[in-house]
Amino acid sequence: GENVEQHPSTLSVQEGDSAVIKCTYSDSASNYFPWYKQELGKRPQLIIDIRSNVGEKKDQRIAVTLNKTAKHFSLHITETQPEDSAVYFCAAGGSYIPTFGRGTSLIVHP
Amino acid sequence: NAGVMQNPRHLVRRRGQEARLRCSPMKGHSHVYWYRQLPEEGLKFMVYLQKENIIDESGMPKERFSAEFPKEGPSILRIQQVVRGDSAAYFCASSEGQDDYEQYFGPGTRLTVT
């Protein structure tokens with residue numbers, strides 16, 4: 001089955017800095033890579049996703065890149081704000097069941 | 001369009017009791033997924049259901065756990081004879097279709113076993 005590794009487990013940045021979270025996956029058949037944000041005590045919410053036919057996707061301050069050859073994908077957040085503080089999960093899937101990473105706790109200090 | 005609904009939001013059970021968790025998918029969604037999340041851990045897939053069918057239950061413990069998604073009504077995750085290790089947040093998600101469709105998560109049920 002699919003195996004997703006996510007790093008770092010904790011990321012602390014100053015407001016205005018950029019944050020990068022990286023994930024690797026094992027199954028070359030995976031073709032859908034969503035990222036979820038989960039604030040404390042709340043539900044995971046999709047913030048951006050990318051499919052295997054695209055190398056990069058942007059949405060305002062958030063971008064995701066995908067390297068299918070190396071089987072890794074990354075989330076980039078620019079100009080971080082305190083409200084970006086949350087746990088971020090990557091996932092990889094080619095079938096109906098995405099496999100989730102263990103999450104990255106992002107802390108943005110004002 | 002109401003989102004995914006889960007109830008109860010919080011559930012306390014004593015060891016040996018039964019826990020029933022309910023999930024109503026988004027309108028128009030016929031695919032339901034259940035996940036378990038332990039503190040400071042990721043989401044672990046448990047079971048995937050469509051109306052009246054269990055499609056994949058490979059992540060669900062063989063004993064004490066069962067799930068259903070009847071033709072009418074919500075999906076139900078049932079845990080019999082709960083133990084302390086069952087304490088976790090249980091999230092339900094729904095999607096329009098399978099494959100790479102976006103999954104929308106419910107608010108979760110936080111189960112505490114005392």
Side-chain angles (χ1 to χ4, degrees), chain A residues 1-11 21 23-25 27 29-54 57 59 64 66 68 73 86-107, chain B residues 2-7 9-10 21 23-26 29-50 53-60 67 69 88-112:
Chain A
E2 177 64 275
N3 182 45
V4 177
E5 299 284 338
Q6 183 172 348
H7 299 280
S9 57
T10 305
L11 180 58
I21 303 170
C23 288
T24 61
Y25 63 99
D27 189 350
S30 289
N31 56 17
Y32 177 59
F33 307 91
W35 285 87
Y36 286 84
K37 175 183 180 182
Q38 186 177 28
E39 296 176 6
L40 187 63
K42 297 192 176 178
R43 75 186 77 191
Q45 290 194 296
L46 182 76
I47 54 171
I48 194 168
D49 57 15
I50 192 167
R51 300 177 196 276
S52 59
N53 58 345
V54 176
K57 184 176 178 181
D59 183 3
V64 58
L66 170 65
K68 283 219 75 178
F73 56 114
V87 178
Y88 292 80
F89 293 98
C90 65
S95 63
Y96 42 77
I97 306 169
T99 299
F100 285 82
R102 291 176 63 92
T104 295
S105 178
L106 174 64
I107 303 165
Chain B
V4 179
M5 309 289 283
Q6 284 187 255
N7 68 80
R9 296 291 305 277
H10 300 274
L21 289 61
C23 169
S24 297
M26 282 183 69
H29 287 190
S30 60
H31 299 252
V32 167
Y33 314 79
W34 284 94
Y35 294 86
R36 177 162 64 178
Q37 186 176 39
L38 293 169
E40 300 185 9
E41 290 199 12
L43 293 153
K44 299 294 185 186
F45 166 78
M46 298 181 74
V47 62
Y48 163 44
L49 309 103
Q50 293 182 38
N53 287 306
I54 296 174
I55 306 303
D56 188 321
E57 55 184 348
S58 59
M60 199 155 67
F69 190 13
Y90 292 83
F91 287 95
C92 162
S94 73
S95 70
E96 183 181 349
Q98 62 179 60
D99 294 336
D100 56 1
Y101 281 93
E102 176 181 346
Q103 294 188 4
Y104 294 82
F105 281 83
T109 294
R110 279 151 185 81
L111 172 66
T112 302

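This one's a predicted model, so the numbers in the text were calculated from it and none came from an experiment. Letters A, B, ... are given to chains in the order of the sequence lines, protein chains preceding strands, and every chain is numbered from 1.
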What part of Gln38(A) gets closer than 4.5 Å to chain B, counting heavy atoms only: side chain, backbone, both or neither? side chain
Would you say that more than 12 heavy atoms from the other residues, nucleotides or ligands in this model lie under 6.0 Å from the NZ of Lys44(B), or not? no
Tell me whether the count of non-hydrogen atoms from other residues, nucleotides or ligands lying under 6.0 Å of CZ in Arg110(B) goes above 12. yes
Please look at Gln37(B) and chain A and tell me whether the side chain, the backbone, both or neither of the residue comes under 4.5 angstrom of a heavy atom of that chain. side chain
Within the 4.5 Å heavy-atom criterion, are Glu102(B) and Tyr32(A) side-chain neighbours or not? yes
With a 4.5 angstrom heavy-atom cut-off, is it the side chain or the backbone of Pro34(A) that approaches chain B, or both, or neither? neither
Please report the closest heavy-atom contact between Phe89(A) and Leu43(B), naming both atoms and the distance. CE2-N, 4.5 Å
Between Ser58(B), Gly108(B), Pro107(B), which residue shows the highest count of heavy-atom pairs closer than 4.5 Å to chain A? Pro107(B)
Between the side chain of Arg43(A) and the main-chain N/O of Phe91(B), is any donor-acceptor distance below 3.5 Å? no
